[in-house]
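Indexing begins at 1, ligand by ligand and atom by atom, following the structure's order.
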Amino acid sequence: MVCHLRDVPVAATGATSINVSHLGVQYRTVEALRDVSFAVKSGRLTGIIGPNGAGKSTLMKAMLGLIPAAAGSVLYNERPLMEQRELVAYVPQRSQIDWTYPATVWDAVMMGRVKKTGWFRRFSNVSRRVAADAIERVGMSAYRDRPIGQLSGGQQQRVFLARAIAQQAEIFCFDEPFAGIDQKTQSIIFDIFHELADANKTVLVVNHDLGESITHFDDLILLNTDLIASGSRQEVLSQENLYRAYGGKVAFFAA
Ligand SMILES: Nc1ncnc2c1ncn2[C@@H]1O[C@H](COP(=O)(O)OP(=O)(O)OP(=O)(O)O)[C@@H](O)[C@H]1O
Ligand SMILES: [Mg+2]
């Protein structure tokens, strides 16, 4: 029997990757990203770091086709990622979420099932089970019927993580999930990120903090409009790279 490589499920072929080539993004008067190229591997926890205004959120949005790129390409398994958006779970930076939206925890997580089932079909028992398990996994079962606007920042972040899990995506993109949340919630979220990576998912996280939390990441992408460095955490966090990205403004990091 002849077995073609493309017939083999992704998980069986080992790591897959997102390949970003020569990506450029221009807002009207601001060049936000310039000629950025790197690869993101599945099975690794990858962080995007860089100073305020470096283009971290822009990079994530442009990779997913949520804003137009002026140049370049983003491929996943050698096909444009934006044509495979059903494989992606994306949680934007907190400031971009409408917290007045009248949804409960349960509603918000069930929204993750919409891509699987369609809006107009009734949710199946399987979907309900998947959503309930995801809420349980992030420790939010007691809050199922609470409106999301009445949760703390860390609880909200956990609900969005549950939605991403319920979506059963291959690629998980989180923009600053740790901003303003406590240590305990941060470690619950990191545990889940590691589990997803261990299950050979692609996990990409914008992270502001260069302190202890950085040690959780396997790989890093360091940006400041231009790509400064990408690769393993140890390679990227060199004094020279940090100086090029942050100037003299970085006082502490743990490599
Ligand atoms: N919608 C927009 N229109 C015009 N300029 C924008 C827009 N969004 C972002 N910018 C600019 O593009 C640059 C990159 O912004 P971006 O939000 O991607 O940075 P960031 O690294 O995510 O910053 P932060 O750490 O503050 O979240 C900044 O100079 C910003 O002012
Ligand atoms: Mg940002």
Side-chain angles (χ1 to χ4, degrees), residues 18 20-40 45-74 81-82 85 88-99 153-154 156-161 163-164 171-182 185-186 189-190 193 202-217 219-231 233 236-237 241-254:
I18 301 175
V20 174
S21 304
H22 304 292
L23 191 65
V25 176
Q26 177 91 35
Y27 294 112
R28 264 192 303 174
T29 54
V30 181
E31 188 171 28
L33 289 177
R34 185 164 43 219
D35 198 24
V36 168
S37 301
F38 59 87
V40 185
L45 180 49
T46 303
I48 301 176
I49 58 172
N52 281 129
K56 303 180 296 295
S57 298
T58 298
L59 173 61
M60 198 167 257
K61 286 186 263 189
M63 285 175 69
L64 303 181
L66 300 172
I67 55 171
S73 65
V74 181
L81 178 59
M82 69 164 89
R85 283 252 287 278
V88 178
Y90 166 60
V91 180
Q93 204 163 350
R94 251 188 111 208
S95 57
Q96 304 198 355
I97 297 171
D98 178 8
W99 294 109
Q156 287 169 343
Q157 213 44 251
R158 282 193 270 162
V159 170
F160 281 92
L161 179 55
R163 179 169 74 174
I171 300 166
F172 292 79
C173 296
F174 298 85
D175 194 345
E176 304 233 15
F178 305 117
I181 68 165
D182 62 34
T185 306
Q186 179 171 307
I189 293 176
F190 266 124
F193 286 168
T202 300
V203 189
L204 190 57
V205 181
V206 176
N207 190 52
H208 208 95
D209 175 34
L210 287 180
E212 188 267 334
S213 73
I214 205 79
T215 58
H216 283 278
F217 291 95
D219 293 334
L220 291 172
I221 294 156
L222 176 57
L223 270 188
N224 196 358
T225 310
D226 300 283
L227 180 79
I228 307 291
S230 70
R233 182 182 80 242
V236 169
L237 291 181
N241 287 337
L242 288 167
Y243 192 83
R244 282 175 61 211
Y246 293 88
K249 292 191 283 284
V250 59
F252 165 76
F253 72 95

*asked:* Is it the case that the ring center of Tyr90 lies less than 6.0 angstrom away from the ring center of Phe174?
replied: no
*Can you find a pair of side-chain heavy atoms, one from Ile214 and one from Leu220, that are under 4.5 Å apart?*
yes
*Kindly indicate whether the side chain of Leu237, heavy atoms from C-beta on, has any atom under 4.5 Å from the side chain of Ile49.*
yes
*Specify whether an N/O/S atom of Thr58 falls short of 2.8 Å from the Mg ion (ligand 2).*
no
_Does the residue Gly50 have a heavy-atom contact with ligand 1, meaning some pair of atoms that are separated by less than 4.0 Å?_
no
*Kindly indicate whether atom 31 (O) of ligand 1 is approached by any protein heavy atom to under 4.0 angstrom.*
no
_Give me the nearest non-hydrogen protein atom to atom 19 (O) of ligand 1 as residue plus atom name, then the distance to 0.1 Å._
Gly55 N, 3.3 Å
_Protein contact of atom 24 (P) of ligand 1 - nearest heavy atom, named by residue and atom, plus distance_ = Asn52 ND2, 3.5 Å
*In terms of atom number and element, which parts of ligand 1 are under 4.0 angstrom from non-hydrogen atoms of His208?*
25 (O)
*Closest non-hydrogen protein atom to atom 13 (C) of ligand 1, residue and atom name please, with distance?*
Gly53 O, 3.7 Å
_Closest approach of Ile181 to Gly153 (non-hydrogen atoms, all atoms of both residues)_ = CG2-C, 3.9 Å
*For ligand 1, which atoms have a heavy atom of Glu176 less than 4.0 angstrom away?*
25 (O), 27 (O)
_What protein heavy atom lies closest to atom 25 (O) of ligand 1? Include the residue and the distance to one decimal._
Lys56 NZ, 2.7 Å
*Identify, for atom 17 (O) of ligand 1, the protein heavy atom at the shortest distance, and state residue, atom and that distance.*
Ser57 CB, 3.9 Å
_Classify the ring geometry of Phe190 against Phe178: parallel below 30°, tilted from 30° to 60°, perpendicular beyond 60°._
parallel
*asked:* Can you name the atoms of ligand 1, numbered from 1 with element, that are less than 4.0 Å from a heavy atom of Ala32?
replied: 12 (O)
*Looking only at non-hydrogen atoms, find the nearest pair between Ile228 and Arg244 and report the distance.*
O-NH1, 3.7 Å
*Pull out every atom of ligand 1 sitting under 4.0 Å from any heavy atom of Thr58, numbered as shown with elements.*
14 (C), 15 (O), 16 (P), 18 (O)
*Grab the two heavy atoms, one from Phe217 and one from Gly47, that are nearest each other, plus how far apart they are.*
CD2-N, 3.3 Å
*Please name the residue in the list Leu223, Thr46, Asp219, Leu59 that meets the side chain to side chain contact (heavy atoms under 4.5 Å, CB included) test with Phe38.*
Leu59
*Please assess Leu66 against Arg85 for the test side chain to side chain contact (heavy atoms under 4.5 Å, CB included), listing each intermediate value before the final yes or no.*
CA-CA 10 Å; Leu66 300 172; Arg85 283 252 287 278; 3.5 Å; yes
*In sequence, state the C-alpha distance, the side-chain angles, and the governing distance for Asn52 and His208, and then conclude on side chain to side chain contact (heavy atoms under 4.5 Å, CB included).*
CA-CA 8 Å; Asn52 281 129; His208 208 95; 3.0 Å; yes
*May I ask you to check whether Asn52 brings an N, O or S atom to under 2.8 Å from the Mg ion (ligand 2)?*
no
*asked:* Can you tell me which portion of Gln93 lies within the under-4.0 Å heavy-atom range of ligand 1? Options are side chain, backbone, both, or neither.
replied: side chain
*Quick check: does Val30 get an N/O under 3.5 Å from an N/O on ligand 1?*
no
*Closest protein heavy atom (residue, atom, distance) for atom 1 (N) of ligand 1*: Tyr27 CE2, 3.9 Å
